[in-house]
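Step one of this worksheet: look at the structure below.
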Amino acid sequence: MQIKLKADSEFITEIDMSSDSRMRVPGLVFSPIGDVSRDSNEQALQQVVNVAMMQGIAKASIAMPDFHWGYGFPIGGVAGIRMEDGIISPGGVGYDINCGVSLLSTPINEHDFNARKNDLMDSLLRKIPVGMEKSRLRIREDHIESIIGGGLKIALEDGLAFDGDLSRTEDSGQFRVESTAGVSKMARKRGISFIGTLGSGNHFLEVQRVSEIFEPEIARDFLIHDLGQVMVMIHSGSRGLGHQVALEFMTEIQNHPEKISHPVDRQLDSIPLDSEVGQRYINSMNCSANYANYNRQSMISATREAFSKIFPSTDPEQYRLSYGISHNIAREEIHKVNGENSRLMVHRKGATRAFSADRMGGTAFEKFGHPVIVPGDMGTASYVLVGTEASSELSLGSSCHGAGREMSRKKAGESFNPEEVILEMERRGISLRAKYRSAISTEAPGSYKNIDMVVKSVVGAGIARVVARLTPLGVLKG
DNA sequence: ATGTTC
């Protein structure tokens with residue numbers, strides 16, 4: 001099949017509906033046509049076309065500049081399904097339910113950090129289990145029930161959060177759960193084993209310096225104050241619990257008589273929200289999201305402990321959460337479709353919410369809009385952006401979530417020598433603590449798209465504004 | 001992403 005691309009503008013590429021007669025809406029990739037049409041994007045582009053064929057899809061099958069191939073949906077994909085069609089597709093959320101990124105503001109500057117860099121990185125590595133290391137929180141079986149039902153509220157009760165953390169976490173860190181019964185025994189068991197752990201692959205904890213501030217007033221609102229200020233970014237998800245939930249529901253739905261079959265890809269099958277299995281999935285997805293929030297919060301708490309111990313003149317309370325964002329979740333939102341407000345089940349998979357200020361009334365971000373935290377690869381830079389009104393018009397209030405893979409894990413593993421990657425990172429003044437050599441290859445900076453180009457694309461398309469640029473000082477990986 | 005091969 002020939003996919004027909006046309007440039008809507010310098011940074012917006014449309015996939016014409018004539019590409020395939022089964023498309024219900026066009027595709028929209030927020031990236032220049034020259035980048036979109038590269039050979040390495042071929043499979044992911046086909047997935048954008050496939051998503052455009054889904055029942056109930058409104059507006060467009062959307063992909064961010066960091067899009068790449070995933071399970072059914074591309075990673076970096078956004079799809080709003082009309083609530084009147086009443087369906088949800090687990091492939092549109094993915095295996096790592098509510099994977100996300102939290103950004104911690106610190107009172108430390110880079111000189112303080114560099115003077116104690118080794119002690120601090122060692123302390124973080126002692127406090128936070130990474131890779132295959134198991135949980136050091138001894139959560140009892142009945143407590144996992146509270147965590148999956150209550151999310152960040154339970155972390156607050158457990159002394160892992162401050163009051164202010166809730167208003168600075170997307171959805172206040174709590175997803176609505178009517179029943180936890182859909183989270184299997186196995187999922188709970190895996191959840192207990194790995195609560196409070198970072199994970200592996202692209203998950204990381206990174207100590208960063210503020211290297212550029214583009215919008216000082218907005219940056220202050222996000223607790224980014226000075227050049228050289230140290231920030232801590234934590235990227236992690238719902239570990240084995242979310243994985244188990246995703247796996248079980250994808251399998252169950254494949255064999256379910258009520259499933260809504262996709263015309264070309266079984267991985268894009270959906271399930272009616274008003275079915276028993278649909279309700280069980282929504283609840284279990286939300287349970288996994290709550291678990292992910294508790295998990296990230298426990299590592300924020302460990303980071304506060306490590307820093308305030310190494311820098312005794314500071315208190316844990318001074319390490320304030322800038323924002324915690326979700327990038328793998330489906331939730332109901334209202335968006336304008338053909339000029340009319342429409343209730344949509346918005347699936348974001350490797351994409352973030354990027355609402356403008358007018359959609360953030362009553363929250364901590366009503367003045368400037370929803371923060372968008374965009375981690376780059378471990379050797380380059382990360383960005384903090386803010387949502388725009390144009391994102392509401394164009395991208396269902398969404399933006400990009402990271403650099404996005406350019407190379408498969410397998411290919412990256414074969415292409416990069418870990419020793420050379422470590423040397424190159426050291427040459428750039430970045431201290432890398434990784435548990436396994438393999439992760440250094442598969443996560444090598446060269447296996448990712450260029451983060452500066454990704455951000456240039458979303459800013460150029462108008463769906464976000466750039467607030468600050470952060471560069472890595474120390475990286476902890478699984 | 002993932003007790004890294006359901």
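Lettering follows sequence order; numbering is per chain, from 1. Heavy-atom basis, side chains included; hydrogens, waters and symmetry copies ignored.
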How would you label the contact of Gly201(A) with the nucleic acid (heavy atoms, under 4.0 Å): base, sugar-phosphate, or nothing?
sugar-phosphate
Under 4.0 Å between any heavy atoms, over every strand shown, what does Glu252(A) touch: base, sugar-phosphate, or nothing? Just pick one.
nothing
To the nearest angstrom, the OH-P distance between Tyr71(A) and dT2(B) comes to 17 Å
So if I apply the salt bridge (charged side-chain N to carboxylate O under 4.0 Å, His left out) rule between Glu333(A) and each of Arg82(A), Arg359(A), Arg348(A), which one comes out positive?
Arg348(A)
Distance check needed: dT2(B) C1' versus Gln244(A) CD, whole Å only.
10 Å
Between Glu133(A) (CD) and dT4(B) (C1'), how many Å, whole number?
16 Å
Rounded to the nearest angstrom, tell me the gap between atom NZ in Lys189(A) and atom C1' in dT2(B).
15 Å
Which of these nucleotides, dC6(B), dT4(B), dT2(B), is closest to any side-chain atom of His243(A)?
dT2(B)
Between dT2(B) atom C1' and Tyr436(A) atom OH, what is the distance in whole Å?
13 Å
Is it the case that Glu145(A) and Thr180(A) place a side-chain donor and acceptor less than 3.5 Å from each other?
yes
Could you tell me whether Asn328(A) contacts a base, only the sugar-phosphate backbone, or nothing, with contacts defined as non-hydrogen atoms closer than 4.0 Å?
nothing
Sugar-phosphate, base or nothing in reach of Met186(A), heavy atoms under 4.0 Å:
base
Interatomic distance, Glu443(A) CD vs dT2(B) C1' [rounded to whole Å]:
14 Å
Taken to the nearest whole Å, CD1/Ile97(A) to P/dT2(B) is 12 Å
Does a donor on one side chain sit under 3.5 Å from an acceptor on the other, for Glu248(A) and Ser184(A)?
yes
With a 4.0 Å limit, can you tell me whether Ser200(A) has a side-chain N or O closer than that to the phosphate oxygens OP1/OP2 of dT2(B)?
yes
Counting only side-chain heavy atoms from C-beta out, which of dC6(B), dT2(B), dT4(B) sits nearest to Arg239(A)?
dT2(B)
Of Leu247(A) and His203(A), the one whose nearest nucleotide on DNA chain B sits closer to the 5' end is His203(A)
